[in-house]
There are 2 protein chains.
Amino acid sequence: MAISDRRISESTIHRLSIYYRALQQLEKENYETISSKELARREKLTPAQVRKDLSFFGSFGTRGLGYPVVELKGKIAGILGIDRVWDVALVGVGNIGSALVSYKEFQKQGFLIKMVFDNDQRKIGSNHKGIIVSDIRNIVSELRNSSIEIVIIAVPSSMAQLVADDVVQAGIKAILNLAPINLKVPDDVVVRNENMAMELEYLSFSLSNHQRPK
Amino acid sequence: MAISDRRISESTIHRLSIYYRALQQLEKENYETISSKELARREKLTPAQVRKDLSFFGSFGTRGLGYPVVELKGKIAGILGIDRVWDVALVGVGNIGSALVSYKEFQKQGFLIKMVFDNDQRKIGSNHKGIIVSDIRNIVSELRNSSIEIVIIAVPSSMAQLVADDVVQAGIKAILNLAPINLKVPDDVVVRNENMAMELEYLSFSLSNHQRPK
DNA sequence: TAAGAATTGTGAATCGTTTCACAACATTCT
DNA sequence: AGAATGTTGTGAAACGATTCACAATTCTTA
């Protein structure tokens with residue numbers, strides 16, 4: 001059964017990212033192999049969970065020994081699709097937006113911000129870390145003529161849906177939305193929401209109710 | 001049974017934040033009441049889910065009519081603990097950190113950044129939006145003598161655990177961690193991780209495997 | 001005041017995810 | 001070589017979250 005035929009849960013994909021980072025660290029520490037037990041201990045998961053997650057994609061380990069660190073890291077990179085470079089566009093050069101242009105972590109993981117858009121005349125044409133800010137009015141055509149496959153939306157809530165409509169019209173299938181609203185997009189477009197205010201609200205709830213996360 | 005006795009799932013709390021934002025919007029649109037059906041339609045959920053989530057905390061609706069918008073908004077604010085102001089400290093005035101100091105969304109939701117720490121001598125003493133950057137070496141005592149209850153960690157991965165240790169030592173029970181590592185903290189400290197690289201990896205997976213989120 | 005329509009609140013059923021438990025296999029030791 | 005140890009991969013069991021389905025209740029209209 002091909003991977004694409006199966007339903008892999010969001011949690012499993014999320015944990016693959018966690019395993020990937022753990023393996024990067026283990027490689028630095030010169031581990032050759034790692035057991036599901038030790039990997040689980042480090043990331044506060046269960047060994048069974050680790051094995052089950054990986055088993056969705058194949059048999060990467062050796063019984064009695066564990067998983068080969070470097071090889072597994074490569075396999076996970078392949079599964080996540082991060083064994084290549086992705087060209088990314090950023091819309092909105094406000095506080096958060098500008099910070100992201102310089103954010104090293106993205107480049108390090110192969111996500112390269114290649115285009116930046118804004119609607120502010122004072123910003124259009126200006127240079128952000130070597131990238132000229134484009135006029136958002138041209139976003140559809142500029143994205144169409146580009147190699148961009150992922151767009152980060154970092155505009156105020158009130159404008160986010162309009163931007164998303166343009167982005168979808170330009171044929172983009174993956175959006176990282178930083179605005180605190182629920183974007184309406186067609187079924188074949190994936191949206192991930194990153195909302196720090198919501199995370200703070202979770203902390204607020206926990207402090208108020210003395211409840212720890214499950 | 002008191003709320004604090006029950007196990008409320010992470011998903012339910014997350015959705016309360018979503019309902020809260022929807023209700024803010026509905027209030028603007030002058031809705032007096034809202035049915036679970038309509039609320040669900042707007043946020044792409046099911047009516048049963050909405051009702052079940054709310055029912056964990058009480059009976060806020062009226063059969064035949066729906067939920068009173070303003071009142072429900074107030075109830076949810078109370079449940080989430082956002083019917084008050086929370087004092088927040090930020091550690092790390094890099095790209096992302098500086099952006100957060102000016103981030104309006106936090107203040108709007110009652111999360112006030114009152115202290116900022118860094119380890120860079122050139123930054124210590126400088127003024128960020130009216131807040132003087134403190135030396136991270138004094139973080140334990142400064143936090144202890146403050147009204148801060150939530151700390152945002154926006155330092156490089158390599159320093160995040162050290163910062164977290166200090167923050168915990170200062171008696172803080174809630175951390176928003178922006179560094180892409182798994183912080184080790186005692187059981188009575190809640191940590192939420194915000195990791196944009198991981199969200200991009202999810203998009204990468206989806207694009208690579210033609211899988212939409214469940 | 002009675003009938004009809006709308007909608008909640010919730011126990012039960014369903015569905016999905018996590019954990020358990022163990023056969024299968026690799027390695028190490030004697 | 002045989003025994004002991006360690007660890008994977010996975011079907012089955014347990015657990016948890018979501019959805020269903022309907023009694024209870026309110027509102028509206030005649």
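Every chain is numbered from 1, with letters handed out A, B, ... down the list of sequences.
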Peer 1: Closest nucleotide of DNA chain C for Gly64(A) versus for Ser11(A): which of these residues is on the 5' side?
Peer 2: Ser11(A)

Peer 1: Is there side-chain contact between Ser204(B) and Leu207(B), with heavy atoms separated by less than 4.5 Å?
Peer 2: no

Peer 1: Arg7(A) has an atom CZ; how far is it from atom C1' of dC15(C), in whole Å?
Peer 2: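 In whole Å, dC15(C) C1' and Arg7(A) CZ are 14 Å from each other.
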
Peer 1: When you measure from the side chain of Lys52(A), which nucleotide among dA23(D), dT8(D), dA12(D) comes out closest?
Peer 2: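 Looking only at heavy atoms from C-beta outward on Lys52(A), the closest nucleotide is dA12(D).
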
Peer 1: For Leu39(A) and Tyr67(A), what are the C-alpha separation, side-chain angles and deciding distance, and is it a side-chain contact (heavy atoms from CB on, under 4.5 Å)?
Peer 2: CA-CA 10 Å; Leu39(A) 189 49; Tyr67(A) 300 89; 5.7 Å; no

Peer 1: Mind listing the residues from residues 22-51 of chain B sitting with a heavy atom below 4.0 Å of DNA chain D? Number order is fine.
Peer 2: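 Those residues whose heavy atoms fall under 4.0 Å from DNA chain D, taken from residues 22-51 of chain B in numerical order, are Thr46(B), Ala48(B), Gln49(B), Arg51(B).
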
Peer 1: Ignoring hydrogens and geometry beyond distance, is the side chain of Arg63(A) in donor-acceptor contact with the base of dT7(D) at under 3.5 Å?
Peer 2: no

Peer 1: Side-chain N or O of Tyr67(B) versus OP1/OP2 of dT26(D): is the shortest distance under 4.0 Å?
Peer 2: no

Peer 1: How long is the line joining CD1 of Ile8(A) and C1' of dG16(C), in whole Å?
Peer 2: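 My rounded result for the distance is 13 Å.
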
Peer 1: What is the separation between atom CZ on Phe60(B) and atom C1' on dT7(C), rounded to the nearest whole Å?
Peer 2: 17 Å

Peer 1: State plainly whether the residues Arg42(A) and Glu29(A) are in salt-bridge range, i.e. N to O under 4.0 Å.
Peer 2: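 Judged by the 4.0 Å cut-off on N to carboxylate O distance, Arg42(A) and Glu29(A) do form a salt bridge.
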
Peer 1: Roughly how far, to the nearest 0.5 Å, is NZ of Lys52(A) from CD of Gln49(A)?
Peer 2: 10.0 Å

Peer 1: Identify the residue among Glu201(B), Glu199(B), Glu194(B) that makes a salt bridge (Lys or Arg N to Asp or Glu O under 4.0 Å) with Arg192(A).
Peer 2: Glu199(B)

Peer 1: How are the rings of Tyr202(A) and Phe205(A) set relative to one another: parallel (under 30°), tilted (30 to 60°) or perpendicular (over 60°)?
Peer 2: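 Rings of Tyr202(A) and Phe205(A): tilted, 30 to 60°.
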
Peer 1: May I have the distance from Asp53(B) (atom CG) to dT8(C) (atom P), rounded to whole angstrom?
Peer 2: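 Roughly 13 Å, once rounded to whole Å.
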
Peer 1: Sequence neighbours left out, cut at 3.5 Å: what donor-acceptor pairs do the side chains of residues 143-154 of chain B make with other protein atoms?
Peer 2:
unit_1	atom_1	unit_2	atom_2	d
Arg144(B)	NH2	Gln169(B)	O	2.6
Asn145(B)	ND2	Ser141(B)	O	3.2
Ser146(B)	OG	Leu143(B)	O	2.7
Ser146(B)	OG	Ile148(B)	N	3.2
Ser147(B)	OG	Asp87(B)	OD2	2.5
Glu149(B)	OE2	Arg84(B)	NH2	2.8

Peer 1: What is the distance, rounded to the nearest whole Å, between atom CD of Glu10(B) and atom P of dT18(C)?
Peer 2: 12 Å

Peer 1: Nearest whole angstrom, please: distance from the P of dA5(C) to the CG of Leu65(B).
Peer 2: 18 Å

Peer 1: Can you tell me how far P of dT18(D) sits from CG of Leu54(B), to the nearest Å?
Peer 2: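 In whole Å, dT18(D) P lies 13 Å from Leu54(B) CG.
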
